[in-house]
There are 2 protein chains.
Amino acid sequence: MAEYLGPTPIATVTRLSIYLRTLEEAQSENIEYISSMKIGQRNGFTSAQVRKDLSCFGNFGQKGKGYYIPSLIKQLRSILGLSQKWNIAIMGLGHLGQAFVGYKGFQKSGFNIVAIFDTDENKIGTKYNGIPVHHPDDLKRIAKNKDIQIAVITVPSSVAKASIQRVIDAKIKGILNFTDVRISLDNEFVMKNVNLVGELETIAFYITRPDWQCRGI
Amino acid sequence: MAEYLGPTPIATVTRLSIYLRTLEEAQSENIEYISSMKIGQRNGFTSAQVRKDLSCFGNFGQKGKGYYIPSLIKQLRSILGLSQKWNIAIMGLGHLGQAFVGYKGFQKSGFNIVAIFDTDENKIGTKYNGIPVHHPDDLKRIAKNKDIQIAVITVPSSVAKASIQRVIDAKIKGILNFTDVRISLDNEFVMKNVNLVGELETIAFYITRPDWQCRGI
DNA sequence: ACATGTGAACAACTTCACAGCG
DNA sequence: CGCTGTGAAGTTGTTCACATGT
């Protein structure tokens with residue numbers, strides 16, 4: 001029943017990721033079946049929420065038993081697009097870019113960093129962690145060559161707009177943006193913004209106001 | 001009119017951060033007044049959204065003119081809790097921890113990294129970027145000494161639970177968690193989870209399904 | 001005329017509650 | 001009986017539209 005059932009809330013997709021991680025954890029504990037209740041409990045969601053989310057994509061459960069973990073993992077990986085490999089470019093080899101390149105957690109989910117772009121003449125032509133560093137001018141060519149589908153923007157804010165524009169020109173469809181520059185894009189592109197200062201500010205807000213109800217954080 | 005007006009949606013708080021950045025940008029362009037429409041346009045929100053968000057905290061605008069930027073910046077900084085300094089601990093000096101310590105963007109908003117905790121014997125007792133590295137066993141003492149209010153969890157997932165527990169024991173109220181471990185806490189604590197793999201998975205989902213409506217990303 | 005602030009209308013998301021099935 | 005899948009109900013969040021004030 002994996003037909004189109006209307007737009008999926010972004011929140012659902014985010015939770016799907018979380019469920020997948022929970023299932024992998026449960027699997028490593030040699031559990032075979034898991035109920036929506038258990039999945040919810042491990043993450044602080046209601047069981048109905050879990051069932052509704054999963055039901056957007058099919059009937060994966062067995063009544064009276066729960067979800068068969070190996071099969072649901074396979075399904076979720078397929079839904080999230082993880083049955084294929086993803087080639088990623090890092091724009092900007094500052095500290096954050098370096099953290100990305102060094103982080104081992106991506107490969108497990110099929111995300112491979114295949115190219116780094118930076119304007120620093122001393123870095124261009126060298127490799128960082130085995131990944132070649134290029135000048136941003138070469139993005140278009142290399143993106144095509146290496147079939148890059150996602151770009152991670154970790155350049156300084158001052159040059160972020162230009163960097164994002166290059167990514168768009170290179171027809172890279174997915175963008176994970178760590179700068180505080182925000183632009184609206186054509187529908188064919190998918191951009192997610194992660195704002196680290198903003199995260200801290202949100203925390204600061206809720207700490208300074210313990211009286212304030214803190215909903216859905 | 002900064003009384004309690006019911007729970008503030010987390011989304012509103014997140015947008016407040018964004019507005020603040022927009023205002024600072026506008027200020028650097030020597031603009032004096034800005035309308036809700038302009039603030040919205042720069043970020044892809046409706047003008048009504050901007051007004052509603054701001055109206056949760058007071059009547060800051062002038063009818064017919066818009067918002068006086070210097071004053072609104074001051075108000076937003078106060079609302080977000082940025083009139084005070086925040087002392088931050090980094091738990092885990094891996095790549096991501098190093099990226100945090102090296103990132104200059106925090107100080108501007110009053111966030112100061114004052115201590116690093118790591119179990120690596122070679123790092124303990126040294127300084128990284130001028131910040132001392134301690135053993136996690138010392139967290140409680142140092143948190144009290146240095147008045148640490150927020151901890152950033154950048155340890156490997158395998159030790160994340162223990163690391164978060166130490167933070168809680170040290171009565172550090174704000175937690176920014178970059179691991180994929182999720183736990184529910186007492187109300188007095190504020191935890192935000194940032195899952196980098198999850199962000200990429202969400203992007204992968206929407207790229208693989210261009211037919212799918214992509215709402216609110 | 002212009003732009004805010006806000007009740008009312010609308011849309012989206014979550015939870016409830018139960019039918020249905022193993 | 002237990003647990004899924006799902007319409008219906010309830011809740012939360014967003015947009016509309018206009019009264020109000022400059």
Side-chain angles (χ1 to χ4, degrees), chain A residues 1-3 5-16 18-19 23 26 31-69 71-72 75-76 79 202 212-217, chain B residues 1-3 5-16 18-19 22-23 26 31-69 71-72 75-76 79 212-217:
Chain A
M1 206 221 265
E3 315 144 34
L5 302 162
T8 310
I10 176 102
T12 293
V13 180
T14 306
R15 284 191 297 266
L16 252 36
I18 296 171
Y19 302 156
L23 293 168
I31 303 171
E32 229 186 335
Y33 284 85
I34 192 167
S35 65
S36 58
M37 173 87 88
K38 285 264 176 56
I39 296 176
Q41 275 171 349
R42 294 205 188 198
N43 298 293
F45 306 129
T46 66
S47 63
Q49 177 84 84
V50 176
R51 292 199 299 280
K52 256 275 151 67
D53 284 341
L54 294 174
S55 76
C56 290
F57 299 96
N59 298 356
F60 305 126
Q62 288 170 240
K63 300 189 187 205
K65 280 194 105 172
Y67 299 88
Y68 181 57
I69 291 178
S71 139
L72 187 54
Q75 295 279 2
L76 285 186
I79 291 164
T202 308
W212 224 269
Q213 292 281 343
C214 142
R215 191 161 2 90
I217 202 168
Chain B
M1 206 221 267
E3 316 145 34
L5 301 161
T8 310
I10 175 104
T12 292
V13 181
T14 306
R15 285 191 296 264
L16 252 36
I18 296 171
Y19 301 156
T22 303
L23 292 169
I31 302 172
E32 229 186 334
Y33 284 86
I34 192 168
S35 66
S36 58
M37 172 86 89
K38 284 264 175 54
I39 297 175
Q41 276 171 348
R42 294 206 188 197
N43 298 293
F45 307 129
T46 65
S47 63
Q49 177 83 84
V50 175
R51 291 199 301 278
K52 255 276 151 66
D53 284 340
L54 294 175
S55 76
C56 290
F57 299 95
N59 298 357
F60 304 127
Q62 289 170 241
K63 301 191 188 206
K65 278 193 105 172
Y67 299 88
Y68 181 57
I69 291 177
S71 141
L72 187 54
Q75 294 279 3
L76 285 185
I79 291 165
W212 224 269
Q213 292 281 343
C214 143
R215 190 155 11 87
I217 201 166

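In what follows, every chain begins at residue 1, and chains take the letters A, B, ... in the order their sequences are listed. Since the model is a prediction, treat every value here as computed from it, not as a measurement.
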- B:Thr22-B:Arg42 side chain donor-acceptor pair, cut-off 3.5 Å: no

- Item | B:Leu76 CG to B:Leu54 CG distance, which is reported to the nearest 0.5 Å | 6.0 Å

- Query: Which part of the nucleic acid, if any, lies within reach of A:Ser36 when heavy atoms closer than 4.0 Å are counted: base, sugar-phosphate only, or nothing?
  - Reply: sugar-phosphate

- Message: Taking only side-chain N and O atoms of A:Arg51, does any of them lie within less than 4.0 angstrom of OP1 or OP2 on D:dG7?
- Response: no

- Here the pair of heavy atoms bringing B:Ala26 nearest to B:Ile34 is CB-CD1, 4.2 Å

- Item | Value in whole Å for how far the P atom of C:dG5 lies from CD of B:Gln75 | 11 Å

- Task: Check side-chain hydrogen bond (donor to acceptor under 3.5 Å, both in side chains) between A:Tyr19 and all other residues, then give those that pass, not counting sequence neighbours.
- Result: A:Asp53

- Where each residue is assigned the nucleotide of DNA chain C containing its nearest heavy atom, which of A:Phe45 and A:Gly64 is assigned the position nearer the 5′ end? A:Phe45

- Message: Over all strands shown, is A:Gly61 touching base, sugar-phosphate only, or nothing at heavy-atom distances under 4.0 angstrom?
- Response: sugar-phosphate

- Quickly work out the A:Met37 CE to C:dT15 P distance and round it to whole Å. 14 Å

- Message: It should be established whether A:Tyr68 places a side-chain nitrogen or oxygen under 4.0 Å from OP1 or OP2 of nucleotide D:dC3.
- Response: no

- Task: Quickly work out the A:Leu72 CG to D:dT4 P distance and round it to whole Å.
- Result: 11 Å

- Message: Distance check needed: C:dA11 P versus B:Gln49 CD, whole Å only.
- Response: 16 Å

- Please give, in whole Å, the distance from C:dC2 P to B:Tyr67 OH? 18 Å

- Does A:Gln62 make a side-chain N or O approach to OP1 or OP2 of C:dG22 shorter than 4.0 Å? no

- Flag the pair A:Lys52 / A:Cys56 as yes when at least one side-chain heavy-atom distance between them is below 4.5 Å, and no otherwise. no

- Query: Of the nucleotides C:dT4, D:dT14, D:dT15, which has the atom closest to the B:Ala11 side chain?
  - Reply: D:dT14

- Item | Nearest-nucleotide pick for B:Lys63, side chain only, options being C:dT6, D:dG5, C:dT4 | C:dT4

- Counting heavy atoms from C-beta on, name the nucleotide in D:dT15, C:dT4, C:dT15 closest to the side chain of B:Ala48. D:dT15

- Would you indicate which nucleotide in D:dG5, D:dT15, C:dT4 comes nearest to any side-chain atom of A:Ser55? D:dG5

- Message: Tell me the interatomic distance from B:Lys65, atom NZ, to C:dG5, atom P, rounded to whole angstroms.
- Response: 14 Å

- Note on the structure: Rounded to whole Å, CZ of A:Arg15 lies from C1' of C:dT15 at a distance of 12 Å

- Residue closer to the 5' end of DNA chain C, B:Lys52 versus A:Lys52 (nearest nucleotide): B:Lys52

- Message: I need the CD1-P distance between A:Ile10 and D:dG13, as an integer number of Å.
- Response: 17 Å

- Task: Considering non-hydrogen atoms only, spot the tightest contact between B:Leu23 and B:Ile69 and give its length.
- Result: O-CG2, 3.8 Å

- Query: Side chain of A:Ser35: nearest nucleotide among C:dG5, D:dG13, D:dC3?
  - Reply: D:dC3

- Of the nucleotides C:dC13, C:dT6, D:dT6, which has the atom closest to the B:Asn59 side chain? C:dT6

